[in-house]
Amino acid sequence: AQSVSQHNHHVILSEAASLELGCNYSYGGTVNLFWYVQYPGQHLQLLLKYFSGDPLVKGIKGFEAEFIKSKFSFNLRKPSVQWSDTAEYFCAVNHRGFQKLVFGTGTRLLVSP
Amino acid sequence: NAGVTQTPKFRVLKTGQSMTLLCAQDMNHEYMYWYRQDPGMGLRLIHYSVGEGTTAKGEVPDGYNVSRLKKQNFLLGLESAAPSQTSVYFCASSRQTGAAGNQPQHFGDGTRLSIL
C-alpha cells in the first residue's frame, strides 16, 4: 500500500534552533509532494509544494524542503525556529494525475521561548 | 474571503443518532474531500468528489455517506453514529488538476465530533 512516513512524532526545540523534519514515501512513480502546517486550533495550511524542477523548494515563513528522489524523501527544514512555529506538520504525497493525497501521521513541534 | 466553511464546529451525539456535516466552498473548486483526523494517525480520506453529482470512496468510507448535489457543497452523513467515529472532521477543496494532480487542497476549520 502507498504510504508516507514521518518518523519524528514529537520534536521539542528552543527558539533559534535549526529544524529538520523527515518525510519518506513509498511510491515508485512520479509524485507531487506537499508540506502542510496546522497551528493549534486551526485548519491545515499549505507550507510548500514540489511538482517538478529545482528539488529545493522554498515555502512560507522561512521553511524549505528538499526532494531527494533516490531516497524517496522530502524533508522539511528551517534554519532558526520561532515560538510561533509551534504546530503540527504533515507531509503529503500523491501520484501524478491522481488527486487523492496520502498524509503522514504528522509531527508535533514545540518551540520553547 | 470565506474559503472552505464547515458547520457545525462542535457536536456531541449519542450512539445510534444520525447527523450531517456541511461543507461549503466559495472558490468554484471542482474537487472536494472529507477527512477524519485522529491522534497519531494523521488525516485519512473518507470520501471525495470530483464534480457535482459524483462521489467516490476514500480510505475509510464505512459508516459514512456523502452527497454533492451542488458544486459548492459537500455533505457528510453519519446514519448511525458509533463511538469509533469520534474524531475531528476536515473538509477540503481543490481545483481540477488534469494530468498533473498538483493542485493544493484548501481546508476548512474542522468539526469536532464526539459520540457517547
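Bear in mind the structure is a predicted one, so any value in this text is a computation, not a measurement. Every chain is numbered from 1, with letters handed out A, B, ... down the list of sequences.
Heavy atoms from other residues, nucleotides or ligands lying under 6.0 Å from CD of B/Glu52 number more than 12. For A/Ile12, the CD1 atom is loosely surrounded, since the number of other residues' heavy atoms within 6.0 Å does not exceed 12.
Hydrophobic clustering, with ILVMFWY side chains joined whenever heavy atoms are under 4.5 angstrom apart, groups A/Leu47 together with A/Val31. Linking ILVMFWY residues whenever their side-chain heavy atoms come closer than 4.5 Å, directly or via other members, leaves B/Leu75 and B/Tyr31 in distinct clusters. In the hydrophobic clustering of this structure, B/Val60 groups with B/Tyr64; members are Ile, Leu, Val, Met, Phe, Trp, Tyr whose side-chain heavy atoms approach within less than 4.5 Å, directly or through other members. Hydrophobic clustering (ILVMFWY, side-chain heavy atoms < 4.5 Å, transitive): B/Met19 and B/Val66 are in one cluster. Clustering ILVMFWY residues whenever any of their side-chain heavy atoms sit less than 4.5 angstrom apart, transitively, puts A/Leu109 in the very cluster that holds A/Val4.
With chain A as partner, the option from B/Met41, B/Glu59, B/Gln6 having the largest number of non-hydrogen pairs under 4.5 angstrom is B/Met41.
Proximity of a side-chain donor or acceptor of B/Tyr33 to a complementary backbone N or O of A/Leu101 within less than 3.5 Å is not detected.
Contacts between A/Gln38 and chain B at a heavy-atom distance below 4.5 Å involve the side chain alone, from C-beta outward. Using a 4.5 Å cut-off between heavy atoms, A/Gln45 makes no contact with chain B at all. At a 4.5 Å heavy-atom cutoff, the contact between B/Leu43 and chain A is made by backbone and side-chain atoms alike. Interface residue B/Gln37: only side-chain heavy atoms are found under 4.5 Å from chain A. Heavy-atom distances place the side chain of A/Leu46, and not its backbone, under 4.5 Å from chain B.
Rounding to the nearest 0.5 Å gives a distance of 12.0 Å between CG of B/Asp38 and OG1 of A/Thr105. Between atom CZ of residue B/Phe90 and atom NE2 of residue A/His43 there is a gap of 9.0 Å, rounded to the nearest 0.5 Å. From B/Gln103, atom CD reaches atom CG of A/Asn94 across 10.5 Å, with rounding to the nearest 0.5 Å.
Summarising the hydrophobic clusters (Ile, Leu, Val, Met, Phe, Trp, Tyr; side-chain heavy atoms under 4.5 Å, direct or chained), the residues clustered with B/Leu116 are B/Val12.
Contact check for A/Phe103 versus B/Arg44: no side-chain heavy atoms found under the 4.5 Å cut-off.
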